[in-house]
Amino acid sequence: MTVTCKEFLASLGIAVFPDAGETVYAAACARADGTGSVYVREDYLDALDAELGLFPFHRDTVYRAAAAIRENAALSRFTVLLAETLRADAAGVQRCRDWTLPAVPEGEDPLPYEMTGFFAELALVREAAAVLRAHAVPEDVVRRTMAQLDWSITIFAGTRHRPGYDASRVRWTLHYLKPDILHIDRLEFEMKPFSGAVYGFRNAAGDVRLLMADGRLHHSGQLLGSAGCLDDGWPGTPWQAFDADFRETEDAYEGCPVENGAASRVRERLEKSEWTRFLAPGDPVLSVHIPAGERLSHEDVCASYRRAREIFAAYGYSYRAVVCTSWLMSPVLGELLGEETNIVRFQRDYRLFPIPSGGRGVYTFLYNMPDARPEELPADTTLRRRVRERLLGGGYVLEGGGVLTI
């Protein structure tokens, strides 16, 4: 009797899977049942590693997981099914937020079950590298970008305290395989539409001003609904929330200006004879991501910016600005750390603006404890200790945005 796609997935404890899986299921089964999963064969892994240096961090873990999957016909078939699903509709895999990898049976080693997603993604690596090379991306950047799949095992281990992978890792690392994120020396740069709720303006002297787009703002200047910014305030007082209400006329732009990551209710008018708009919501930008694990020295950061400009010029990607959204853009970090620390020095190169924020970024990216309570957080570095003290005192470290000004 033929096993349907839904029945096969259910046998692995998978209740939700991207729609394209149903479409490619028959062909994937034929491939897997004929030759097994090529993606876990040693010769395949050896060839990829020789071509791209694909496993600089977790080679032994990768090969151990591959050997275990080769011994499990169901997991081997699943890697082929997911690989074909990715080939058919990688964007759909990213959009489907509830799908999972195979469930780990009680008492078994989780590694081969969790790593199925990693091996399925290997089906896209050569094509992604070819796209980057066709756009004249330097070989060291190609290799470091593709190696972020391997680095994601480290990120998984940061919260789980063991090597592995999960569906959220697959969804994120697909960015490197589209590819729309490049790892360039110290930083990563993503090609995407600008999602910030601000407009950017520049004058002849190079000064930059930001005005909020339409939206409701807390009296603190943060977006209403962000952590600690939930109340609309008492009508007719300075603590009442207000509307940004951006306006453009024939002669000027008018709206709520942004300073140090917060909007002001005192509106500002920028004359078109003096100010040019260079950034609006939806414009193409380079969005900066800051990988963990290395120092954030200003020299290395600036070198990454310079090289990124050269690489994306050759790539042919036309963008309006370099931006960053992160807990590292929180204005309170200057109060907590001092102006000469690497983090604050990094931040000072940006014009800060508010974004919707739940204040949980530090839990995930600073402590690797996304579900923790403040009292559970470690205080083993100056940064962690001072952030913990602020959280214990009822304060927040809100995620923020920034537009690069250097």
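Counting from 1, the numbers follow the sequence of the chain as shown.
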Quiz prompt | side chain to side chain donor-acceptor pair (under 3.5 Å) assessment of Tyr165 paired with Thr173 | solution = CA-CA 11 Å; Tyr165 225 66; Thr173 50; 3.2 Å; yes
Practice problem: Flag yes if more than 12 heavy atoms outside Trp239 fall under 6.0 Å of its CH2 atom; otherwise flag no. | Solution: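 Result for CH2/Trp239: open.
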Quiz item: Can you tell me if NZ on Lys272 sees more than 12 non-hydrogen neighbours from other groups inside 6.0 Å?
Solution: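 Yes - once you tally the heavy atoms of other residues, nucleotides and ligands closer than 6.0 Å, there are more than 12.
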Please report, to 0.1 Å, the donor-acceptor pairs under 3.5 Å made by any side chain of residues 27-38, with sequence neighbours excluded.
residue	atom	partner	partner atom	Å
Arg31	NH1	Tyr39	OH	3.4
Arg31	NH1	Glu84	OE2	2.5
Asp33	OD1	Arg77	NH2	3.1
Asp33	OD2	Arg77	NH2	2.8
Thr35	OG1	Arg31	O	3.3
Ser37	OG	Tyr39	N	3.4
Ser37	OG	Thr79	OG1	2.7

Quiz item: Is the side chain of Ser76 donor-acceptor paired with the backbone N or O of Asn72 at a distance under 3.5 Å, no angle test?
Solution: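 Not confirmed, Ser76 side chain does not pair with Asn72 backbone.
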Quiz item: Can you check whether Thr4's main-chain N or O pairs, donor with acceptor, with Glu7's side chain at less than 3.5 Å?
Solution: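 Side chain of Glu7 to backbone of Thr4, a donor-acceptor pair under 3.5 Å: yes, one is there.
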Quiz item: Quick one: are Cys256 and Phe242 in side-chain contact, heavy atoms under 4.5 Å?
Solution: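 Yes, close enough: below the 4.5 Å cut-off.
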Quiz prompt | Sub-4.5 Å side-chain heavy-atom contact between Val301 and Leu296 | solution =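 When only atoms from C-beta onward are counted, Leu296 and Val301 do touch, with a gap below 4.5 Å.
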What pairs of residues pass the side chain to side chain donor-acceptor pair (under 3.5 Å) test when at least one of them lies in [range], not counting sequence neighbours?
range	answer
residues 42-55	Arg41-Asp43, Asp46-Tyr63, Asp49-Arg59, Glu51-Arg126
residues 90-107	Gln94-Lys178
residues 217-227	His218-Ser220, His218-Asp231

Quiz prompt | Qualifying residues under ring-ring contact (aromatic ring centres under 6.0 Å, His included), relative to Tyr363, sequence neighbours excluded | solution =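 Per chain and number, Tyr363 pairs via ring-ring contact (aromatic ring centres under 6.0 Å, His included) with no residue.
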Quiz item: For Phe246, which residues count as a ring-ring contact (aromatic ring centres under 6.0 Å, His included) partner, sequence neighbours excluded?
Solution: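 Listed in chain order: Tyr199.
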Quiz item: Given Phe119 and Leu75, is the side-chain contact (heavy atoms from CB on, under 4.5 Å) satisfied, shown in steps?
Solution: CA-CA 11 Å; Phe119 291 108; Leu75 293 184; over 6 Å; no
Quiz item: Should the pair Arg169 and Phe156 be classed as cation-pi, given the thresholds of under 6.0 Å to the six-membered ring centre and 45° from the axis?
Solution: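 Cation-pi check for Arg169 and Phe156: fails.
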Quiz item: When the ring planes of Phe8 and Tyr25 are compared, do they come out parallel, tilted or perpendicular, using 30° and 60° as the limits?
Solution: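 Ring orientation, 0 to 90° scale: tilted.
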Quiz item: How are the rings of Phe312 and Tyr315 set relative to one another: parallel (under 30°), tilted (30 to 60°) or perpendicular (over 60°)?
Solution: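 If you compare the ring of Phe312 with that of Tyr315, the planes turn out tilted.
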Quiz item: Out of curiosity, Asp89 CG to Thr23 OG1, how far, rounded to the nearest 0.5 Å?
Solution: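 It is 9.0 Å, given to the nearest 0.5 Å.
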Quiz prompt | Reported CG-to-CG distance for the pair Leu383 and Leu366, which is rounded to 0.5 angstrom | solution =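 Here the rounded value is 4.5 Å.
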Quiz item: Which heavy atom of Ala66 sits nearest a heavy atom of Val40, and at what distance?
Solution: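 In this case the closest contact between Ala66 and Val40 is CB-O, 3.5 Å.
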Quiz item: For the side chain to side chain contact (heavy atoms under 4.5 Å, CB included) test, which of Val322, Asp300, Ile290 pairs with Leu187?
Solution: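 The option that passes is Ile290.
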